[in-house]
> 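Below you'll find the structure I mean.
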Amino acid sequence: MTGVDVQLWADSSAPIVFVKGPDATMQYVDALGAAFIGLAPEDICGRSWFDLLHPDDVDSARAAWKQALSDKAPYRAELRLRNAAGVYRWMSDHASPLLAPDGTIEKWIDSLRDIDDDNEAAGGRRRSANDTATLAHLEALLAAAPLGILFVDRDFRYVRVNEKVAAIHGSATVGEHLGHTVAEIVPALWAQLESAYRSVLVTGDPVVDMPLTGPTAEDPGHIHHWLESIHAVQINGETIGLGIVLADVTERIQHLSTLVALTEAAVGTMAAAAEARDPYSAGHQQRVAELAVAIAIDLGLSPHDVDGLRLAAKVHDIGKLAIPSQILNKPSRLRPTEFALIKEHAQAGSDIVRGIDFPWPVADVILQHHERIDGSGYPAGLVGDGILLGARIIAVADVVEAMSSHRPYRASLGITAALSEIESGRGTLYDAEVVDVCLRRFREDGWRFPTDEQSGEATADHDIPIDAGPLDDLHAVSESPGGA
């Protein structure tokens, strides 16, 4: 071994890597390994692995290797390896099998680290026995784990799977997976997995919680849902395969689906109850919800958030249940005291739904749907981003629907006037981005409210302004209970 080679070895904290065949014949040694042994790689390859070991360690090393050969499982040992100077050094040896397509062991990959300089080498060797026991415990835990855990090589062949994975697939035992590709064992799922597996293998970037759906042998006849996380497994900077964890989330998804269905039913009942007391608002909340959802989709909200916004919009005026019907149905201008009472519907509506365990902030959206960007709204005078986005969206949809609807005291002001109102209040009364999306929906995409089936025309919330002339009436709508 040259002085340069010695320095290379002395300065490196990385392990050395050997590859040996199923008969323990050396097939490959990396540069650090060749430098440590003091021979050229071609002089090492072709020799038996056991030729390099201390004679006193050959029997125990051979026994560990044969047991691992039988189990087709990794093994760990501490042994002495002869270096270039003829001195035996204690090494920690971690060996893992690579399997051929027929399930037989094709080769072994050994990673060795020099531990001889450890001042507590003897204690370290005693700890090795404890480590072996720990590994046995770890194997037992993997076998009983509720998560699917597996390792595949670069060709996507199974190197290691636990019992959970085998139970999900059902078509093969743990041992029967080894050496076969994922596509061979689960061809139906491979279509969902292939692009992600190849991406992680090429880039090294993990994929976390990828949704996966399909049948399982554990529960025949039912579709299950999993979240799969995929990570690159590397040795000396080279990716040798993928480590994968699979979590079954079927029960959670079924629970959420049931909760959403029940919530939808409850919301529908509440909306019907509110509209039954106010004939002028029949269908108003539903149409506001339709426009709010269209705006939310264009804003890029997630499907989950869109669902929450839809529910909140459908009952944004639920607080009218607390308002006397003679005020709700009054076919003339409201007195200031009456209008002040109607303004309480935002707080009342929030109080009504706050006890329901929604997976969205429905109560707060209802409370804030009359707030305005400049702080002129009610009930709290919130400003800007202090108002929830859902409430800012409903505020715009509410004004547009109300102004374009007929009233018992006035005809519809028309969609042109409604769009002009939110445009003039852009950035002051109403969220600028929400207004832009709403205007684009109507002016460029041709979006329109569906008409009422009975009257043939859109109806709206009972938005009767306080004493005001025609010009003030337009702005009053934006301050009235249904207008915003």
Side-chain angles (χ1 to χ4, degrees), residues 14-30 32-34 36-39 41-83 87-116 118 121-122 124-140 142-143 151-153 157-162 174-179 233 235-236 238 240-241:
I16 61 178
V17 176
F18 291 96
V19 176
K20 57 179 184 276
D23 60 352
T25 299
M26 302 293 293
Q27 296 181 347
Y28 166 81
V29 59
D30 68 357
L32 287 177
F36 176 83
I37 295 171
L39 296 174
E42 58 268 25
D43 294 327
I44 298 173
C45 294
R47 301 177 62 179
S48 171
W49 161 249
F50 301 108
D51 290 346
L52 304 177
L53 306 184
H54 191 286
D56 292 346
D57 297 335
V58 170
D59 289 343
S60 60
R62 192 183 299 275
W65 171 69
K66 285 185 175 180
Q67 183 62 49
L69 195 64
S70 175
D71 295 340
K72 298 180 181 178
Y75 72 89
R76 178 176 178 176
E78 287 192 0
L79 42 78
R80 285 164 287 186
L81 190 69
R82 186 174 60 245
N83 68 10
V87 176
Y88 288 95
R89 303 278 296 181
W90 278 103
M91 311 291 289
S92 175
D93 180 20
H94 297 255
S96 299
L98 289 181
L99 303 180
D102 61 0
T104 60
I105 293 178
E106 191 173 78
K107 59 187 66 177
W108 291 87
I109 297 179
D110 286 63
S111 175
L112 296 96
R113 188 181 297 276
D114 190 330
I115 61 172
D116 204 74
D118 189 346
R125 287 189 288 279
R126 286 193 298 271
R127 288 194 298 272
S128 178
N130 293 332
D131 290 344
T132 301
T134 299
L135 287 174
H137 291 313
L138 179 58
E139 288 291 325
L142 288 177
F151 173 72
V152 299
D153 64 16
R157 298 185 184 277
Y158 292 103
V159 176
R160 180 74 173 90
V161 300
N162 70 344
V174 168
E176 290 170 339
H177 277 74
L178 305 181
V233 177
I235 293 181
N236 291 342
E238 180 181 355
I240 63 170

> Looking at Ser96 and Pro74, what are the two nearest heavy atoms and their distance?
OG-CB, 4.0 Å

> Using the test ring pair (Phe, Tyr, Trp, His ring centres under 6.0 Å), find all partners of His94 that sit at least two apart in sequence or belong to another chain.
none

> Please enumerate all residues that pass side chain to side chain donor-acceptor pair (under 3.5 Å) together with Ser48, with sequence neighbours excluded.
none

> Check side chain to side chain contact (heavy atoms under 4.5 Å, CB included) between Leu39 and all other residues, then give those that pass, not counting sequence neighbours.
Ile37, Asp43, Ile44, Arg47

> Who passes ring pair (Phe, Tyr, Trp, His ring centres under 6.0 Å) against Tyr88, sequence neighbours left out?
His54

> Say you draw a straight line from CD1 of Ile115 to CG of Asp93; how long is it, rounded to the nearest 0.5 Å?
10.5 Å

> Is the closest side-chain heavy-atom distance between Phe36 and Asp114 below 4.5 Å?
yes

> Is it the case that atom CD in Glu238 sees more than 12 heavy atoms from other parts of the structure closer than 6.0 Å?
no

> CZ of Arg89 to CG of Leu81: how many Å apart, nearest 0.5 Å?
11.0 Å

> I need the Arg160 CZ to Leu99 CG distance, nearest 0.5 Å.
11.5 Å

> Which atom pairs, donor and acceptor, lie under 3.5 Å between side-chain atoms of residues 58-67 and protein residues at least two apart or in another chain?
{"residue": "Ser60", "atom": "OG", "partner": "Asp57", "partner atom": "O", "Å": "3.1"}
{"residue": "Gln67", "atom": "NE2", "partner": "Asp71", "partner atom": "OD1", "Å": "3.2"}
{"residue": "Gln67", "atom": "NE2", "partner": "Asp71", "partner atom": "OD2", "Å": "3.0"}

> Quick one: side chain to side chain contact (heavy atoms under 4.5 Å, CB included) partners of Ile240, sequence neighbours excluded?
Phe151, Val233, Ile235

> Taking only distance into account, with no hydrogens and no angle test, what donor-acceptor pairs under 3.5 Å do side-chain atoms of residues 15-28 form with protein atoms, sequence neighbours excluded?
{"residue": "Lys20", "atom": "NZ", "partner": "Tyr75", "partner atom": "OH", "Å": "3.4"}
{"residue": "Lys20", "atom": "NZ", "partner": "Asp110", "partner atom": "OD1", "Å": "2.5"}
{"residue": "Lys20", "atom": "NZ", "partner": "Asp110", "partner atom": "OD2", "Å": "2.8"}
{"residue": "Asp23", "atom": "OD1", "partner": "Thr25", "partner atom": "N", "Å": "3.1"}
{"residue": "Asp23", "atom": "OD1", "partner": "Thr25", "partner atom": "OG1", "Å": "3.1"}
{"residue": "Asp23", "atom": "OD2", "partner": "Thr25", "partner atom": "OG1", "Å": "3.1"}

> To check you understand the geometry: which heavy-atom pair defines the closest contact between Trp108 and Ala68, and what is its length?
CH2-CB, 3.5 Å

> Which distance, rounded to the nearest 0.5 Å, do you find between the CE of Met91 and the CZ of Arg80?
13.0 Å

> Taking all non-hydrogen atoms of both residues into account, name the closest pair between Val29 and Cys45 and its distance.
N-SG, 4.4 Å

